[in-house]
Asker: 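One structure is given below, represented as structure tokens, and several questions about it will come after.
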Amino acid sequence: MRSTVPSTRTRSPQRRLQEGQAIVLIGLLILVLFGMLGLAIDSGRGYVDRRDQQAAVDAAALASGDWYENFRNLTGSTVPQSVKLYQNDLHLYSGSASSTHTIALVGPSNNLQQDTWTYSYTGGYTLTIVATNTLFNGYEFTFTSVHALPLAFMQIFGGPTTVTVNATATAIVGNQRQTPALLTLSTGTCATNLKGSASLTILGDTYSNGTACVDAGLKEAGNCYGAAGSTCSSASYYCYNSTPGFVPYPPPCLAGDTAGAPIVPAPTLPDPGYLANSVSYYSTVQSYNQYNRGTWTEMQPGQYGSFHLSGGSASCAFLDAGVYNWTGGYQSDATGSLLSNELKAPDEERYSAPGTTNLANPQFWNQNGVTCAGDFNVTMPATAAGNGVAEKGSKNKLNQWGVVVTAVRYDTFADPNITPNPCSSSPGCPRESAPSECQLTPGNMTNNGTTGIDVNITRNAPGAQYYNVYLDVYGCDGIPSDFGFVGRFLAPGFRDVGGVPPAGGASPYLGGSPPASPDGSGANPYPNTGSQITLGYTTNQPPSVATIMNLTHLGILYSPVKCYSLARAVGCQPPADEVAPQCFSGCPPPPGTISQQNSPMSLQYAPSSGGDVTNENYCVISPNPGDPNAPCSGAKVTPGAVQFYMPAGSCMSQNAQGATYVFSGLQYNWIVIYQPAGNTCSNTMNGGSATQYIGTIYTPAANWTINGGNIAPLAGQVICSTASVSGGASVGIDFNPNYSPVPPAARLIN
């Protein structure tokens with residue numbers, strides 16, 4: 001039998017050498033796959049970490065802007081609250097391990113303050129916050145987060161143990177870059193028509209939603225924005241910066257200043273939709289000559305029919321604080337008229353020689369052909385021994401003392417929706433003017449305490465309800481800080497009912513043709529002029545006053561001190577002096593043509609407790625300690641402020657011969673003239689030497705023609721449908737962020 005033997009394949013030596021290679025390749029591939037997986041995981045963790053940090057800094061930066069806008073407290077609430085939000089978003093609940101805070105001055109002229117905070121955390125996180133006060137351009141908050149992220153896989157393969165992941169965000173609040181001096185909302189042709197035969201100057205941007213028709217007569221200290229077809233390139237561009245009150249000038253520009261430029265085409269800006277919420281609280285029907293004060297008329301807020309301010313025997317009108325609803329229009333067109341809510345001292349001092357016998361020229365209430373300014377003089381009656389004003393060591397050999405007075409009044413603001421509002425009820429908020437000129441006692445003081453001083457108010461200053469008296473034992477030495485407060489006295493023709501200040505918040509005037517006296521008696525115990533304010537005891541004053549005013553031993557008078565705001569005690573220095581007349585274009589202004597300006601805004605707390613405490617640069621409550629760069633930030637009320645409200649059909653005609661000088665305030669969002677959307681009037685604003693509207697004109701459907709004048713008649717901004725600006729002299733719009741509505745809320749810009 002034949003047998004069969006199975007055959008086997010013989011393996012070659014080469015094949016035997018290749019055995020096991022797949023395992024090596026698979027092993028190498030697994031390493032690559034693990035490396036790729038590690039890279040993917042670590043990269044994903046890094047991406048997630050960055051997104052977490054980005055969300056955290058975005059939220060914190062935006063929150064910092066909101067906190068600052070609401071509370072204006074950088075270190076007390078803004079930074080701590082935003083840091084807390086950052087920590088919560090990243091689950092850093094144990095807080096920072098360490099922190100530092102530094103302050104530096106930055107900017108072209110070291111005029112910007114920059115605060116830097118650095119926080120470190122366990123887990124490798126570091127947060128840096130840079131807060132920069134850019135003034136006009138708002139507060140910028142830059143948050144930068146850095147995290148040393150531990151790597152889970154890459155270090156196994158020889159890579160680094162950590163990777164740096166960072167995120168940054170910048171928010172801005174209070175940015176007024178897009179708050180133009182002039183904004184025309186119409187999209188039509190030549191919605192902004194700017195032509196000037198001499199010196200037409202605008203400080204701030206000019207913005208037109210339609211085309212801007214501009215020639216070289218426009219001196220634009222800012223940018224000109226317009227729709228396609230605008231002729232912004234024809235304007236003359238001047239230098240500007242963000243400092244309030246800056247005076248434009250032609251190039252070349254100094255360091256830190258910028259020349260504007262045309263920006264065409266530009267996107268449209270929306271109507272901001274501002275409101276006039278306080279109108280309903282001033283519904284009382286009023287008339288112009290209702291409260292005649294002799295040489296001037298006191299006007300109270302409420303509804304007025306057709307109003308025509310012209311020359312005449314009662315051509316000066318002082319406006320009490322509130323909303324004036326001009327239901328039949330407002331017209332001012334005659335030399336010999338002046339309407340204002342500015343409170344000024346009798347015999348205003350010259351700004352360049354405070355504390356001396358030099359008078360301002362012109363007096364505010366003695367311009368535009370009127371003579372309504374207050375006046376006083378000083379006499380020396382004999383007094384009872386021991387109750388007079390004794391001579392003390394004096395620098396001048398005549399032993400004559402210097403006397404200055406200030407005008408004082410109390411104003412209320414009726415809208416209960418504004419909080420906090422210390423001016424809401426009686427007695428309201430006090431206002432005190434800048435000092436008068438100094439007057440010397442006509443004779444020498446004595447050592448035996450038998451010399452008295454009478455301050456005689458021969459003509460009331462418009463709006464004054466009281467007068468504060470300050471003495472300088474060194475005479476009229478030209479040093480304002482040498483004057484010390486000695487007392488407050490009723491203005492002639494006024495009376496307190498229920499104590500000082502006047503009860504009920506109403507004007508207690510009893511001279512001329514007053515309303516019914518508060519006590520119903522109709523009595524008039526004070527003459528309209530010639531009343532005396534007596535220091536020392538005489539029969540003209542009750543003994544209680546003599547006790548207060550016995551100055552024989554009041555050594556504090558010789559070391560007067562600066563007092564907070566309007567707190568007045570014996571020895572307090574007077575308010576800040578006035579400053580030079582406004583120089584806007586064609587500087588300096590001709591002598592004797594423009595009245596002096598109020599002292600700039602200032603904190604009302606030490607060490608900056610100065611500034612205007614009566615008119616447009618005063619705010620209540622001024623924040624404590626506050627921000628010196630924005631002294632009224634956080635305040636709600638400007639005592640004495642007014643708003644002109646003009647319903648549909650009520651038009652404005654301000655002629656250059658007429659004079660209206662009024663300021664708005666915080667409680668009205670700085671809107672000085674408000675015409676609602678239903679008002680389509682064609683208004684005119686012809687400025688003169690004594691005309692200025694301090695605040696914003698908001699008339700979204702109305703048209704304006706703005707012509708000549710000696711100063712910028714508009715110290716704020718203009719928002720309207722169309723605007724035509726022409727004229728000579730120094731006409732202009734002087735945009736001042738202090739007198740403009742609150743800018744947009746916080747937003748992220750990076």
Asker: Looking at Val642 and Ala321, what are the two nearest heavy atoms and their distance?
Answerer: CG1-CA, 4.2 Å
Asker: Do the non-hydrogen side-chain atoms of Thr75 and Trp117 ever get within less than 4.5 Å of each other?
Answerer: yes
Asker: Quick one, Tyr86 with Ser145, criterion side-chain hydrogen bond (donor to acceptor under 3.5 Å, both in side chains). Give me CA distance, side-chain angles, the key distance, then yes/no.
Answerer: CA-CA 9 Å; Tyr86 168 83; Ser145 176; 2.7 Å; yes
Asker: Looking at Ala56 and Leu90, what are the two nearest heavy atoms and their distance?
Answerer: CB-CG, 3.8 Å
Asker: For the backbone of Pro647 and the side chain of Asn679, can you confirm whether one donor and one acceptor N or O come within less than 3.5 Å of each other?
Answerer: yes
Asker: Backbone N or O of Ile671 within a donor-acceptor pair of the Ser664 side chain at under 3.5 Å?
Answerer: yes
Asker: Over all heavy atoms of both residues, which pair between Ser340 and Glu342 is shortest? Give the atoms and the distance, please.
Answerer: OG-N, 3.0 Å
Asker: Atom CG in Leu185, atom CG in Asn209: separation rounded to 0.5 Å?
Answerer: 6.0 Å
Asker: To the closest 0.5 Å, what do you measure between OH (Tyr661) and CG (Leu339)?
Answerer: 13.5 Å
Asker: My understanding is that only one of Asn598, Asn341, Thr638 makes a side chain to side chain donor-acceptor pair (under 3.5 Å) with Asn615; could you say which?
Answerer: Asn598
Asker: Under 3.5 Å, side chain of Asn750 to main-chain N/O of Thr170, donor-acceptor pair present?
Answerer: no
Asker: Are the side chain of Asp205 and the backbone of Asn223 linked by a donor-acceptor contact shorter than 3.5 Å?
Answerer: yes
Asker: Check the pair Thr142, Thr168 against side-chain contact (heavy atoms from CB on, under 4.5 Å), reporting the backbone distance first and the verdict last.
Answerer: CA-CA 7 Å; Thr142 300; Thr168 186; 3.9 Å; yes
Asker: Do Val637 and Ile418 touch side chain to side chain, with heavy atoms closer than 4.5 Å?
Answerer: yes
Asker: Give a yes or no answer on whether the side chain of Tyr207 reaches the backbone of Ala266 with a donor-acceptor pair at less than 3.5 Å.
Answerer: no
Asker: Measure from the side-chain N and O atoms of Ser236 to the backbone N and O of Ala216, and report whether any donor-acceptor pair falls under 3.5 Å.
Answerer: yes
Asker: What's the separation between atom OH in Tyr249 and atom CG in Leu254, rounded to the nearest 0.5 Å?
Answerer: 3.5 Å
Asker: Is there a donor-acceptor contact under 3.5 Å linking the side chains of Gln654 and Thr660?
Answerer: yes
Asker: Would you give the length of the straight line joining atom CD of Gln53 to atom CG of Asp89, rounded to the nearest 0.5 angstrom?
Answerer: 11.5 Å
Asker: Looking at side-chain heavy atoms only, is the closest gap between Phe413 and Lys636 below 4.5 Å?
Answerer: no
Asker: Side chains of Asp49 and Tyr125: donor-acceptor distance under 3.5 Å anywhere?
Answerer: yes
Asker: Step by step, work out the side-chain contact (heavy atoms from CB on, under 4.5 Å) result for Val672 and Phe663.
Answerer: CA-CA 7 Å; Val672 64; Phe663 64 90; over 6 Å; no
Asker: For the pair Val79 and His101, evaluate side-chain contact (heavy atoms from CB on, under 4.5 Å) and give the outcome as yes or no after the intermediate values.
Answerer: CA-CA 11 Å; Val79 171; His101 176 209; over 6 Å; no
Asker: Judged by atom type as modelled, is there a donor-acceptor pair below 3.5 Å linking the side chain of Thr211 to the main-chain atoms of Cys190?
Answerer: yes
Asker: Please answer whether the main-chain N or O of Ser82 pairs with a side-chain N or O of Ser64 as donor and acceptor at a distance below 3.5 Å.
Answerer: no
Asker: Report yes or no: does Trp670 contribute a side-chain atom to a donor-acceptor pair with the main-chain N or O of Asn738 at less than 3.5 Å?
Answerer: yes
Asker: When the aromatic ring centroids of Phe141 and Tyr139 are compared, is their separation below 6.0 Å?
Answerer: yes
Asker: Supply the atom-to-atom distance Ile694 CD1 to Tyr739 OH, rounded to the nearest 0.5 angstrom.
Answerer: 6.0 Å
Asker: Could you tell me whether the side chain of Tyr237 reaches within less than 4.5 Å of the side chain of Pro262, counting heavy atoms only?
Answerer: yes
Asker: Show the numbers, then the answer: is there a side-chain hydrogen bond (donor to acceptor under 3.5 Å, both in side chains) between Gln667 and Ser278?
Answerer: CA-CA 9 Å; Gln667 61 267 47; Ser278 300; over 6 Å; no
Asker: Side chains of Asp52 and His147: does their closest heavy-atom pair fall under 4.5 Å?
Answerer: no
Asker: Would Asn669 and Tyr674 count as having a side-chain donor-acceptor pair, cut-off 3.5 Å?
Answerer: no
Asker: Spell out, as yes or no, whether a donor-acceptor pair under 3.5 Å connects the side chain of Asp333 to the backbone of Gln657.
Answerer: no
Asker: If the plane angle is over 60° it's perpendicular, under 30° parallel, otherwise tilted; pick one for Tyr274 and Tyr698.
Answerer: perpendicular
Asker: Just verifying a value: how many Å separate Ser208 OG and Leu269 CG, rounded to the nearest 0.5 Å?
Answerer: 10.0 Å
Asker: What's the shortest heavy-atom distance between Ala580 and Gln597, and which atoms?
Answerer: O-CG, 3.4 Å
Asker: Under the side-chain hydrogen bond (donor to acceptor under 3.5 Å, both in side chains) rule, what do Thr184 and Thr192 come out as? Steps first, then yes or no, please.
Answerer: CA-CA 6 Å; Thr184 54; Thr192 301; 2.5 Å; yes
Asker: Do Ile706 and Ile733 have side chains that approach each other closer than 4.5 Å (heavy atoms only, starting at C-beta)?
Answerer: yes
Asker: Set out, in order, the CA-CA distance, both residues' side-chain angles and the distance that settles side-chain contact (heavy atoms from CB on, under 4.5 Å) for Ile673 and Met646, then state yes or no.
Answerer: CA-CA 8 Å; Ile673 299 177; Met646 309 183 77; 4.1 Å; yes
Asker: For Cys720, which residues count as a disulfide (SG to SG under 2.5 Å) partner, sequence neighbours excluded?
Answerer: none
Asker: Could you tell me whether the side chain of Asp215 reaches within less than 4.5 Å of the side chain of Thr231, counting heavy atoms only?
Answerer: no
Asker: Do Tyr330 and Phe644 make the cut of ring centroids closer than 6.0 angstrom?
Answerer: yes
Asker: Where do Tyr240 and Gly260 come nearest, in terms of heavy atoms and distance?
Answerer: CE2-N, 3.9 Å
Asker: For residues Tyr668 and Tyr645, establish whether the separation of their ring centroids is below 6.0 Å.
Answerer: no
Asker: Could you tell me if Asp734 and Gln692 have a donor-acceptor pair between their side chains, going purely by distance under 3.5 Å?
Answerer: no
Asker: Which pair of heavy atoms, one from Leu74 and one from Tyr68, lies closest together, and at what distance?
Answerer: CD1-CD1, 4.2 Å
Asker: With a 4.5 Å heavy-atom cut-off, do Leu127 and Gln87 have their side chains touching?
Answerer: no
